[in-house]
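These notes are about the structure you will find just below.
Heavy-atom basis, side chains included; hydrogens, waters and symmetry copies ignored. To find a chain, count down the sequence lines: A is the first, B the second, and so on, and within it residues start at 1.
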Amino acid sequence: GAVVSQHPSRVICKSGTSVKIECRSLDFQATTMFWYRQFPKQSLMLMATSNEGSKATYEQGVEKDKFLINHASLTLSTLTVTSAHPEDSSFYICSGVVPLAGNNEQFFGPGTRLTVL
Amino acid sequence: AQKVTQAQTEISVVEKEDVTLDCVYETRDTTYYLFWYKQPPSGELVFLIRRNSFDEQNEISGRYSWNFQKSTSSFNFTITASQVVDSAVYFCALSEVVTLRAAGNKLTFGGGTRVLVKP
């Protein structure tokens, strides 16, 4: 299957700082990527849909000014958590979709664990 | 709106026992995809199966089997002869087919079932 990487895998930061998470499709071009958030012992919740060359679409309740998404190329989407606070501590997972595959399969990255002190 | 319910939050079994994970979904669409993923302690999601709404055949892959019943909107997953390595959280997910292109079709996840297999 297609491979998606995330960087960093783990980050610890101080409250008030901004953190950037990268999501890369390594062997395919992803016109669409999804960003999910998973709090401890909970399910994955979709945060936003990232579209190459256009603005991201955010799910209800997700602050677009706090979670900045940039999808500048067909292989890279970034999520920036601005002015992070302890409640933003979570596991962030991205996924990419192989265009025109017709099977709705998303390929997930390994996730980024964010801890805000 | 689509919804996926996994009523069992945690299941504990002894090795070699069979375990069945329930998944019930809600959708207004007639065309959709259903998935099962495994999430081991490392956190990375492992794809297990995809089933489209027109294919109601049950499937078996090694010790894994799936029972799709459209009439009851259920897509249950059975692990036969469980092993300690099966210990993980398992998620059922639903994707409505908004367009024929794969891009843009969001996944809705169930709450997950934590499976603990004891030696």
Q) Less than 6.0 Å separating the ring centroids of A:Phe107 and B:Phe47? A) no
Q: Look at atom NZ of A:Lys66 and say whether more than 12 heavy atoms of other residues, nucleotides or ligands are closer to it than 6.0 Å.
A: yes
Q) So which part of A:Leu46 gets closer than 4.5 Å to some heavy atom of chain B, the side chain, the backbone, both or neither? A) side chain
Q. If every non-hydrogen atom of B:Leu107 is compared with every non-hydrogen atom of A:Tyr36, which pair is closest and at what distance?
A. CB-OH, 3.4 Å
**Q.** Least distance between heavy atoms, A:Ser43 atom then B:Phe91 atom
**A.** OG-CE2, 3.5 Å
Q) Got a second to check how far A:Gln106's CD is from B:Lys106's NZ, nearest 0.5 Å? A) 11.0 Å
Q: Measure the CD-CZ distance between B:Gln39 and A:Phe108 for me, rounded to the nearest 0.5 Å.
A: 10.0 Å
Q.
Can you tell me which portion of A:Gln6 sits under 4.5 Å from chain B's heavy atoms? Options are side chain, backbone, both or neither.
A. neither
Q: Please indicate whether A:Glu87 has more than 12 foreign heavy atoms, meaning atoms of other residues, nucleotides or ligands, lying under 6.0 Å from its CD.
A: yes
Q. Is there a path from A:Val81 to A:Val11 through hydrophobic residues (I, L, V, M, F, W, Y) whose side chains come within less than 4.5 Å of each other?
A. yes
Q | Nearest atoms (heavy-atom pairs only) where B:Glu44 meets A:Gly109 | A | CG-O, 4.4 Å
Q. Counting only heavy atoms not in B:Lys70, do more than 12 fall under 6.0 Å of its NZ?
A. yes
(Q) Side-chain heavy atoms nearer than 4.5 Å, only ILVMFWY residues, links allowed to pass through others: does that put A:Ile69 and A:Leu74 together? (A) no
Q.
Is it the case that atom CG in A:Leu117 sees more than 12 heavy atoms from other parts of the structure closer than 6.0 Å?
A. yes
**Q.** Under 4.5 Å from a heavy atom of chain A, the part of B:Gln6 involved
**A.** neither
Q.
Please tell me whether A:Ile93 and A:Val116 are part of a single hydrophobic cluster in this structure, the criterion being side-chain heavy atoms less than 4.5 Å apart.
A. no
